[in-house]
Structures are given as structure tokens and as C-alpha cells.
Amino acid sequence: MSERKPLMVGNWKMNASHLEAIQMVQKLAYRLETEDYQRAEVVVAPAFTALRSVQLTIEQDHMLIGLAAQDCHWEESGAFTGEVSAPMLAKLACRYVIVGHSERRRMFGETDEIVNKKARAVLANGMSPIICVGETLEEREAGDAEQVVTSQVKAAMSRLDQPGEVVVAYEPVWAIGTGRNALPDDAGLMAEIIRDKIREAHGSDVADRVRILYGGSVNPGNIKDFMAKKHIDGALVGGASLDPDQFAAIVRYWR
Ligand code: PGA
């Protein structure tokens, strides 16, 4: 079984100008020490308009923080006004691209098929997709959570050239931005179900390698309980990642 390095991703969503983003990444780096980076991979996902500034800040200050984008288009270039392509993001030294966030699925009509196309574009450009999956409250209450999540995973990961490079973020929709996190036991169980599904479709090497994150109202007070779960390898953090003190405390959950 391969060792999976914990991955902590701060999803800043539609927050922070490029000037504010520079300050946020500087404050975060100031709070983290070498040992923190040895224990966990730390990544921030600013808005498109801040990616270049944050990239340069990271490079100039030799920070060990990685960069992610929040979305991309699946085509390499063309007449898609307002869109940003995976090759553009690769040129900005992004390591990751979040795809299929529930806010995009819900508000912008992203289907499993679109999420799969985006994941393939991200991989084709040498980055890793962070594929978001998760059930709504109605689906959970109807007992459909497992079926919904596994079918999202299956669709998003179908026909990928390098499925082992993928990160999956399990984010129950009802837990995002609500202050109401999933129970660590439930999230841990879902992560195990996701890994089993990946094993079934892609084999053990891939399943043991893929990192599975939990997301949804993660904070410094609950992160430890999620990280204690065998199949949870990190967190996708929204609200709490906007505060460098809180995000640093999440990264250093083991202290
Ligand atoms: P939250 O968002 O931490 O604010 O709940 C998580 C996410 O949307 O990735």
C-alpha cells in the first residue's frame, strides 16, 4: 500500500482581489514551518484573477505552498468567451484544478459528463483534477447518498489516462458553507466506499494512491476527527481557508 501524503486545499471561491490574495498567501506562509510542509501538502485555490500574482509571490518567496485553480474549460482554446483552459492554468504552474464543485454543478449546470471532460483536460496538461462529489440533503435522507456519490465517482473517472493522479473530494452539499459538518464516522465510511469503488474500476494500485479529501464546514476544531479516519487523506476547505490563522491551524491539526 502506498503512503498518501495528506493534502490540505484552501478553496477561496469568489473572494479576494489579487492584492488581498497576495496578503493571504503571505500570511499563511508566515504561519507555517518546514515540518508542516513535510507532514502535509498545502495548496491554495485563488480566483483566476489572482493566480498569476499568487504564483509570483510563491516563487519569489520560495514558498512551499502549491497552487490550484477552481475550474477550467475542457477545450484547449477557441471561441468560448469568458472561459479559461487547462493549458493556460498549467502555464501558471497550477498543480491542481478543482472540477465539479457542487456550486458549479448546482448553479452552472455542470453534469457528470462535463466533469469527466474537465478531469481529462486537466490530466492531459500535467495537472491533477480535484474531483468533487457529494449528495444533497434530500438524497441523504432518502438513503441514496452512497449510490449518488459512487455514480458521480464512476462517471468522473471513466476513461481517464492516469486515474492514479486524481484527487477526490467528498463534499456533502448540505455541509458546504453551512457550519454543519458531516459526522466524521459518516465521512470516513463514504471515503472507504469511494476507495472501494475506485479499486473495482481501476485496480488496487490506483485505489491506494488516490487521495480522498473531506470538505464541508471543516474548521480547526473538527479537522483532527476527520484526519483520524483511515480513508480520509486531507481536506478541501472553503470559509475557514479565507482566514490564514484558521487555515494554518487546520494544516497543523496534528500539533
Ligand atoms: P466550506 O466549503 O468549508 O465553506 O464548507 C467547502 C467547499 O466548498 O469546498
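Computed from a prediction, not measured in an experiment: that's the story for all the values here. Both ligands and their constituent atoms are indexed starting at 1 by order of listing.
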**Prompt:** Gly216 heavy atoms, cut-off 4.0 Å: which ligand 1 atoms fall inside?
**Reply:** 5 (O)
**Where Gln70 and Trp12 come nearest, the two heavy atoms and their spacing** = NE2-C, 3.8 Å
**Prompt:** Which protein heavy atom lies closest to atom 3 (O) of ligand 1, and at what distance to 0.1 Å?
**Reply:** Gly238 N, 2.8 Å
**Request:** Just do the salt bridge (Lys or Arg N to Asp or Glu O under 4.0 Å) check on Asp208 and Arg195 with the steps written out, would you?
**Result:** CA-CA 8 Å; Asp208 290 339; Arg195 200 175 304 286; 5.8 Å; no
**Prompt:** Would one find an N or O of Gly215, backbone or side chain, under 3.5 Å from an N or O of ligand 1?
**Reply:** no
**Prompt:** In this structure, are over 12 heavy atoms from other groups packed under 6.0 Å from Glu165 atom CD?
**Reply:** yes
**Message:** For Val44 and Met24: C-alpha separation, side-chain torsions, deciding distance, then whether side chain to side chain contact (heavy atoms under 4.5 Å, CB included) applies.
**Reply:** CA-CA 10 Å; Val44 294; Met24 282 161 68; over 6 Å; no
**Request:** With rounding to the nearest 0.5 Å, note down the distance linking CG in Asn222 to CG in Asn181.
**Result:** 4.5 Å
**Complete:** Logged contact type for Ser102 with ligand 1, heavy-atom cut-off 4.0 Å, is neither
**Item:** Proximal ligand 1 atoms for His101, defined as those under 4.0 Å from one of its heavy atoms
**Value:** 7 (C), 8 (O), 9 (O)
**Message:** I'd like to know whether ligand 1 has Gly179 as a neighbour, heavy-atom separation below 4.0 Å.
**Reply:** no
**Request:** Could you tell me whether ligand 1 has any atom less than 4.0 Å away from a heavy atom of Ala240?
**Result:** no
**Prompt:** In terms of atom number and element, which parts of ligand 1 are under 4.0 angstrom from non-hydrogen atoms of Lys13?
**Reply:** 2 (O), 7 (C), 8 (O)
**Prompt:** Stepwise, does the salt bridge (Lys or Arg N to Asp or Glu O under 4.0 Å) test hold for Arg252 with Glu33?
**Reply:** CA-CA 9 Å; Arg252 315 172 87 173; Glu33 293 166 18; 3.3 Å; yes
**Item:** Residue pair Tyr170, Glu135: steps toward the side chain to side chain donor-acceptor pair (under 3.5 Å) verdict
**Value:** CA-CA 9 Å; Tyr170 169 57; Glu135 81 284 358; 2.9 Å; yes
**Message:** Under a 4.0 angstrom heavy-atom cut-off, which atoms of ligand 1 come close to Gly177?
**Reply:** 1 (P), 4 (O), 5 (O)
**Complete:** Taking only non-hydrogen atoms of Ala175 and a 4.0 Å limit, the atoms of ligand 1 in range are 5 (O)
**Request:** For residues Gln152 and Val148, determine if any side-chain heavy atom of one lies less than 4.5 Å from a side-chain heavy atom of the other.
**Result:** yes
**Item:** Structural part of Asn11 in contact with ligand 1, heavy atom criterion under 4.0 angstrom
**Value:** side chain
**Prompt:** Taking distance alone, with no angle check, do Thr178 and ligand 1 share an N/O pair under 3.5 Å?
**Reply:** no
**Message:** I need the nearest protein heavy-atom contact for atom 4 (O) of ligand 1: residue, atom name and distance, please.
**Reply:** Gly239 N, 2.8 Å
**Item:** Sole candidate of Asp243, Asp36, Asp245 that passes salt bridge (Lys or Arg N to Asp or Glu O under 4.0 Å) when paired with Arg31
**Value:** Asp245
**Asked** What is the closest protein heavy atom to atom 9 (O) of ligand 1, and at what distance does it sit?
**Response** Glu171 OE2, 2.7 Å
